[in-house]
Q: 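What follows is a single structure, and I will ask about it in a moment.
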Amino acid sequence: MTVHRVEVRPKEGIADPRAADVARCAAALGLAPSGVRTAKVYLVESALSPSQLGTLCERLLADPVTEIARPGAAPADARSVVVEVHPLPGVMDPAAQSVRDAVRDLLAVEARVSTGQRFDLTGVSAEDADRFARAALANPVVHRIHLGPYVPDRLPAGTPTPFALRHVPIRDLDDAGLQRLSREGHLFLSLDEMRAIQAEFRRVEREPTDAELETLAQTWSEHCVHKTLKSAIRYRHGREPGSQPDPIRWTSRPGHEVHPDGTVTIDNLLKRTVAAATHELIADGVDWTLSVFKDNSGVVALDDRHAVCIKVETHNHPSALEPYGGSATGAGGCIRDVIGTGLGAKPIANTDVFCVAMPGGWEEGGALRPLPPGCLHPRRVLTDVVAGVRDYGNRMGIPTVAGAVAFDDRYVGNPLVFCGCVGLLPRDLVHGGAHAGDRIIAIGGRTGRDGIHGATFSSAELEEGHADEFSHAVQIGNAIEEKRVLDAILRARDAEGGPLYTAITDCGAGGFSSAVGEMGSRLGAQVELERAPLKYDGLTYTEVWISEAQERMVLAVPPANVPALEHICREEGVELADLGVFGTPNRELVLRFDGHEVGRLSMDFLHEGIPMPRREATWATPRFEPVAEGRGASAPAPPVGAALLDLLGHPTIASKHWIIRQYDHEVQGNTIIKPLVGLMGRGPGSGAVLEPVPGSGLGVALACGLATGVGDPRVGGDTYQMALAAIDECVRNLVCLGADPDRIAILDNFCWPSCAKAQNLASLVRAAEGCYDGAKAYRTPFVSGKDSLNNQLRYKDPRTGEERTIEIPPTLLITGLGIVPDVSRSLTSEAKQPGDAIVLVGPTQDGMGGSIHQAAIRRVPSAIPGVDLALGPRLARAVHGLIRHGLVRSAHDASEGGVLVALAEMLIGGPRGLGAAIDLSRVHADPTVAAFGESPSRYLLEVRARDLPAVERSLAGLPWCVLGFVDESGRLRASADSPHAVDAEVEALAQRWLSPLDW
Amino acid sequence: MPRALVIRAAGTNCDGEMVRAFALAGAEPTVMHLDALCRDPSRIDDFDLLGFPGGFSYGDDVASGRIFAMRVRERLWPALRRAIERSCPMIGACNGFQVMVQVGLLPGPAAGEPWPTDQPPAQTVALTDNIGGRFVDRWVGMVPEASNCVWTRELAEVFRDRPEALQLPVAHGEGRLVVGSARALAALERGHVALRYADNYNGSEGAIAGLCDASGLIFGLMPHPERFLDWNRHPYWTRLSEDARRSDAPGLVMFKSAVEAAARMPV
């Protein structure tokens, strides 16, 4: 069989924006090619005649108006270097699959296909071209770079391996041996856990098979079982003389025991904090949650017939190694969680939040430093994670509507990628469950060697060599495969007579092992592994069982319904495999391959056997770390006007339009409040509002809260207050969109450095306690959550040879879903009308601690404002009352950057020529605190002047004031001739805010 | 009630909105998979309107809409030809427009020229990478051209004094309209241009957003009229006056106009 090579390139005279993009990118990296040309490369292994090849070029591969397709490899220009990028063998190549199918359709010929890209770079050395390719065009974790046209004799294929049952001796190992087995086998289990496994196999008097050991490692991974959050903890508060009183009241918390020596023991952290808040709220009258913490996502009622579900996942470690594939498969996995909720939900919106290092390069101690070894440049990380979420969400046809990006140097080796998804499902399909005798049906993508050990890898600490060791844990997604699966599932769900299946779940971390293990936990399951369709030959039974290959779902299907499901899958082009049956006599998980038994585990041991040792947490309020160079304490606070410009240009605050505009946030046609608002479409939204059932008038608002600064150990932060602040911010964002504060469900995503360290575990405990207190005070139940607890980078500093660890700052993302009772009352943040009053609701406390101003402009110790749990929820309800009565024209929360930044954003979003004059001293006597302090629970509202008396009546007894009025000056002016003075042209502020991330 | 067929394939993702658009406009919509039509193209004969929805058909692998268009050209031409003869209005939005130009349905033969019988017309227009090199989601003002297009002919009159209301959302990476030669562009300008962008953000020749065939029945555009059926989808509806929202939203005006045209066609 010959491999035919075809190159497709733009015709002479047709603009090539892709080439222009490459040239721009090269220039940003200090390389200035005098010319760039691009071509798509197709490698087709098939017995094609020359005329068939011609047909293929003409009718499929090239556009007759703009492109030209030529077989072979065009010679390069004498001064050009050819760089080609092709996927590594086994890496997902969705275009190749489509071309293979199209070739079959067009020519009735079977072919194997691979695709690549060719770049002709003129005026650069081969060495520079290779460096550039590695930095920007390809990632060696998934790509192979060729300097010159790639013309293989044949495409790589797998080779069958003969069956061999493998046992792993464990019964006679000593502790050191157990630990070695855990690390070298990529199990990442603790010594206690290895001992428990050893004891189990001593009990059953045999050695485990590799499949059994892997099943346990996947099921017991931090990623799957949340063993830190669910464990018992002894918490100690290291009190120092003169330290602040602890805001947490430890007595009278359920499941918390306070001992005479002041230590507290908590029997199960997650159950006693995050989950307890929800259950107590439900007992106290919150009657609109439908499924919490049990399913793949949390479910709440929308109306009598519909429910909405929501899930947020992290995909941090894969995104560190391969940001594009990592974020795309993160999005894809979270979407599958929603599809696999209840008896199937339709995804209706995505969210995304990224935490990355400062885009200009990696700073430490105020100075620019070379990146730690193994780290990708932060700008590339951000560009690629955005592209991954874009390509997956856009292709699936799910609007990506809300999110945030936060920048901090400590995310350099450990970027955080949070992908969220919201689904819509009928209320009577919220619960499912497999029955004994149901077939185990896998549908969707084929199983390959990609994605092996994702669950265990994500539970480990990152080290510099991981790109090589764990490249197989990193994958490229195929969104169209998942879209086909979704189409098939919705048809099977909505079949006449009810769903064709009794339970559904996605194949995520742990692959079949987790999906089947969970669905069959009460029944047992027998799996015939040789029946799984494979991408290529050569997989062992264990690889089939634990592969995390994407785009697969597992369904429990009554045997009588299998033919109907097969019919739907055939029509939708979805592959289906019957892997076995749920229900075994002894509730066991039985694995077979070609008739050989390769594993037999009791479901009890699998799901309940994990030892839960008590963990130690010791809290010492972190000390403020002064900065060695730069932003010192000696310099006075800069004038308010200058600081405003600096803050608007800070990447965390600056406009994210470059990202938002790449996402289709309108697909499905139900996005009512969009992420960018105002006449010019450039005002920052507080989140988004959708109308999931068009025409119903009922809305769903989505927003998030992130208050990492408040808990930042570098500024002496407390993660308890951080959690409260994040909940408060999330609630404010939702209220500003029009959501009812009595119908807000929230989610927690903890991303922490290693909790083996007692201080980090203590900061986790405090954040969880904050979640409990915050959720109860605001009456916002947690409905789902996820944690990622080993986010730190360990490496050897090449300069000093010193072993170093960079811990991320403890990061808690709160995502909220609020019901908007009447979408006609939903509102946006941009200023609208001259003459309107600008009203500040909420009190301003002393202190700049935890603010962006403190992090970026003047790093001096300062008190960190806290959330008032009595007042905050009252303010949210009061503001909602104003909105419901139509008294508010625009609303914006004052959070990152404080009141002045929030006001600037409202004006930037407004029509050109709008301005405002305010009295900043009404906010606070200290100009910096007034302008940029980040006290929680504050709202900026635009109110018609004639409505002020009504507002005054509604807000009686609450802290609020009129700051000033919107005018037509085109300027933002405050407090002339005083230390609070600001006088800035709104358009200049806008340009400062729009430009930093305008990539 | 006129019957509308919405054709989807793997990766189509705007079929739901198009179905709602046809239904609100007074037609009875049906969605069918391209595979089913390829097996039995005569099913197209049952319908009075055809819709090619947006999305990423077949992943937009090779190029946007390419594989969908290749299959339509190879398998459905005779049935589509019959639909043209029956004066069946057709619309393609975004990916559907990309499919229609590659099939050869747009711009179609010049006025007075017949449609070829045994194979579709050669492709003369392309929709390729946006000039900015990346995917863009935004709203853009629409400038309706005086034409006989049954989908757009009412827009100018209905929105005469309300240009801010006449916007449509766009979301694509490959929407730059290219015709290749000045002569071909001049041919398009003779009655085939139905809509232009008020702001030519994607670099299309002639700022062309939508094309129709000589009969005015077959129409395609990069924007998404099916996403703008309700006023509260407008990007700044919270500040539009009651008066600015007095008619149907632009997307619905377009679909109603075509469904009414189909209803008037002799059976």
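Chain naming here is simple, since letters A, B, ... match the order of the sequence lines and numbering starts at 1 in each. Excluded from the calculations below are hydrogen atoms, water molecules and symmetry mates; all remaining heavy atoms, backbone and side chain alike, are included. On a predicted model such as this, the values are computed, not experimentally measured, just so you know.
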Q: Heavy-atom cut-off 4.5 Å, strictly under: side chain, backbone, both or neither for A/Arg390 against chain B?
A: side chain
Q: Identify which part of B/Trp231 has an atom lying under 4.5 Å from any heavy atom of chain A, answering side chain, backbone, both or neither.
A: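 For B/Trp231, there is no contact with chain A at all, as no heavy atom is under 4.5 Å.
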Q: Hey, what do you get for OG1 (B/Thr238) to CG (A/Leu827), rounding to the nearest 0.5 Å?
A: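 Taking OG1 in B/Thr238 and CG in A/Leu827, the distance rounds to 7.5 Å.
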Q: Chain B: which of A/Lys40, A/Glu830, A/Glu572, A/Arg24 shares the most heavy-atom pairs with it under 4.5 Å?
A: A/Glu572
Q: Between A/Val823 and chain B, with a heavy-atom cut-off of 4.5 Å, which part of the residue counts as in contact: side chain, backbone, both or neither?
A: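 It is both, since atoms from each part get that close.
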Q: My understanding is that only residues two or more places apart in sequence, or in another chain, count here; which of them pass ring-ring contact (aromatic ring centres under 6.0 Å, His included) with B/His33?
A: none
Q: Based on non-hydrogen pairs under 4.5 Å, which of A/Pro694, A/Pro94, A/Ser824, A/Gly683 is most in contact with chain B?
A: A/Pro694
Q: Can you check side-chain contact (heavy atoms from CB on, under 4.5 Å) on A/Val65 and B/Val125, steps first, answer last?
A: CA-CA 6 Å; A/Val65 178; B/Val125 171; 5.8 Å; no
Q: Tell me which pairs pass side-chain hydrogen bond (donor to acceptor under 3.5 Å, both in side chains) where either residue lies in residues 124-133 of chain B, with sequence neighbours left out.
A: A/Arg18-B/Asp129
Q: Among B/Arg20, B/Glu226, B/Glu164, which residue has the highest count of heavy-atom pairs closer than 4.5 Å to chain A?
A: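 Heavy-atom pair counts peak at B/Arg20.
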Q: Using a cut-off of under 4.5 Å on heavy-atom pairs, state which of B/Gln102, B/Arg176, B/His172, B/His234 scores highest against chain A.
A: B/Arg176
Q: So for B/Val179, is it side chain, backbone, both, or neither that comes closer than 4.5 Å to the heavy atoms of chain A?
A: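 When you check distances to chain A, only backbone atoms of B/Val179 fall under 4.5 Å.
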Q: Side chains of A/Asn670 and B/Arg233 only: does a donor on one sit below 3.5 Å from an acceptor on the other?
A: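 The criterion, which ignores hydrogens and geometry beyond distance, is satisfied for B/Arg233 and A/Asn670.
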Q: So, do B/Phe135 and A/Asp391 sit near enough that their side-chain heavy atoms are less than 4.5 Å apart?
A: no
Q: Which residue out of A/Asp21, A/Thr66, A/Asp63 racks up the most heavy-atom pairs below 4.5 Å with chain B?
A: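 Of the candidates given, the most pairs with chain B belong to A/Asp63.
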Q: Start with the C-alpha distance between B/Arg239 and A/Leu679, add both sets of side-chain angles, then the distance that settles side-chain contact (heavy atoms from CB on, under 4.5 Å), and finish with yes or no.
A: CA-CA 9 Å; B/Arg239 58 185 309 137; A/Leu679 273 177; 4.0 Å; yes
Q: Whether the side chain of A/Arg59 engages the backbone of B/Met70 through a donor-acceptor N/O pair (distance < 3.5 Å, no angle test) should be reported.
A: no
Q: Measure across A/Val667 and B/Glu17 and return the closest heavy-atom pair with its distance rounded to 0.1 Å.
A: C-OE2, 3.8 Å
Q: For residues 31-40 of chain B, pull every pair meeting salt bridge (Lys or Arg N to Asp or Glu O under 4.0 Å), keeping only residues two or more places apart or in separate chains.
A: B/Asp35-B/Arg71
Q: For the candidates A/Gly397, A/Ala20, A/Ser98, which exhibits the highest count of non-hydrogen atom pairs separated by less than 4.5 Å from chain B?
A: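 Answer, by heavy-atom pair count under 4.5 Å with chain B: A/Ser98.
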Q: Can you tell whether the side chains of B/Arg75 and A/Asp105 come within less than 4.0 Å, N to carboxylate O?
A: yes
Q: Looking at A/Ser826, A/Ser890, A/Ala62, A/Gly681, which has the largest count of heavy-atom pairs under 4.5 Å with chain B?
A: A/Ala62
Q: Report which part of B/Gln123 has an atom under 4.5 Å of a heavy atom belonging to chain A: side chain, backbone, both, or neither.
A: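 Contact with chain A is through both the backbone and side chain of B/Gln123.
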Q: When B/Asp137 is tested against each of A/His665, A/Gln662, A/Lys674 for side chain to side chain contact (heavy atoms under 4.5 Å, CB included), which residue passes?
A: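 Passing option: A/His665.
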Q: Which atoms of B/Arg73 are under 4.5 Å from chain A, going by heavy atoms: the side chain, the backbone, both sets, or neither?
A: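 B/Arg73 has no heavy atom closer than 4.5 Å to chain A.
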Q: With a 4.5 angstrom heavy-atom cut-off, could you sort out which part of B/Arg138 is near chain A: side chain, backbone, both or neither?
A: both
Q: Just give me the residue among B/Gly133, B/Ala69, B/Ala126 that pairs up with chain A most often, heavy atom to heavy atom, under 4.5 Å.
A: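 So the answer, after comparing B/Gly133, B/Ala69, B/Ala126, is B/Ala126.
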Q: Measuring heavy-atom distances to chain A, does B/Tyr236 have an atom under 4.5 Å in its side chain, in its backbone, in both, or in neither?
A: side chain
Q: Under a 4.5 Å cutoff for heavy-atom pairs, which residue among A/Gly678, A/Gly573, A/Gly13, A/Ala19 has the most contacts with chain B?
A: A/Gly678
Q: Where on B/Thr12 is there a heavy atom nearer than 4.5 Å to chain A: the side chain, the backbone, both, or neither?
A: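 Only the backbone of B/Thr12 comes within 4.5 Å of chain A.
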Q: Please classify the contact between A/Ala15 and chain B as side chain, backbone, both or neither, with a heavy-atom cut-off of under 4.5 Å.
A: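 It is both, since atoms from each part get that close.
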Q: Given a strict heavy-atom distance threshold of 4.5 Å, which part of B/Gln167 is in contact with chain A: side chain, backbone, both, or neither?
A: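 No part of B/Gln167 comes within 4.5 Å of chain A.
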Q: Name the region of A/Gln833, side chain, backbone, both or neither, that has any atom closer than 4.5 Å to a heavy atom of chain B.
A: neither
Q: Tell me, for A/Ile14 versus chain B, whether the close heavy atoms (under 4.5 Å) come from the side chain, the backbone, both or neither.
A: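 Side chain of A/Ile14 only, per the 4.5 Å heavy-atom cut-off to chain B.
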Q: With only heavy atoms counted, which part of A/Tyr42 is less than 4.5 Å from chain B, the side chain, the backbone, both or neither?
A: side chain
Q: Got a second to check how far A/Leu676's CG is from B/Trp139's CH2, nearest 0.5 Å?
A: 14.0 Å
Q: Which is it for B/Arg227 and A/Asp664 under the side-chain contact (heavy atoms from CB on, under 4.5 Å) test, yes or no, and what are the steps along the way?
A: CA-CA 12 Å; B/Arg227 293 184 187 177; A/Asp664 189 340; 3.0 Å; yes
Q: Looking only at atom types and distance, does a side-chain atom of B/Asn13 sit under 3.5 Å from a main-chain N or O of A/Asn394, one as donor and one as acceptor?
A: yes
Q: Less than 4.5 Å to any heavy atom of chain A: does that hold for the side chain of B/Val170, its backbone, both, or neither?
A: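 No part of B/Val170 comes within 4.5 Å of chain A.
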Q: If contact means a heavy atom pair closer than 4.5 Å, which residues of residues 476-484 of chain A contact chain B?
A: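 Against chain B, the residues of residues 476-484 of chain A that fall inside the cut-off (heavy atoms, under 4.5 Å) are A/Ile480, A/Lys483, A/Arg484.
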Q: Hey, what do you get for CH2 (A/Trp999) to CZ (B/Arg134), rounding to the nearest 0.5 Å?
A: 10.5 Å
Q: Apply side-chain contact (heavy atoms from CB on, under 4.5 Å) to the pair A/Ile673 and B/Trp237, showing each step before the final yes or no.
A: CA-CA 9 Å; A/Ile673 301 294; B/Trp237 64 273; 4.1 Å; yes
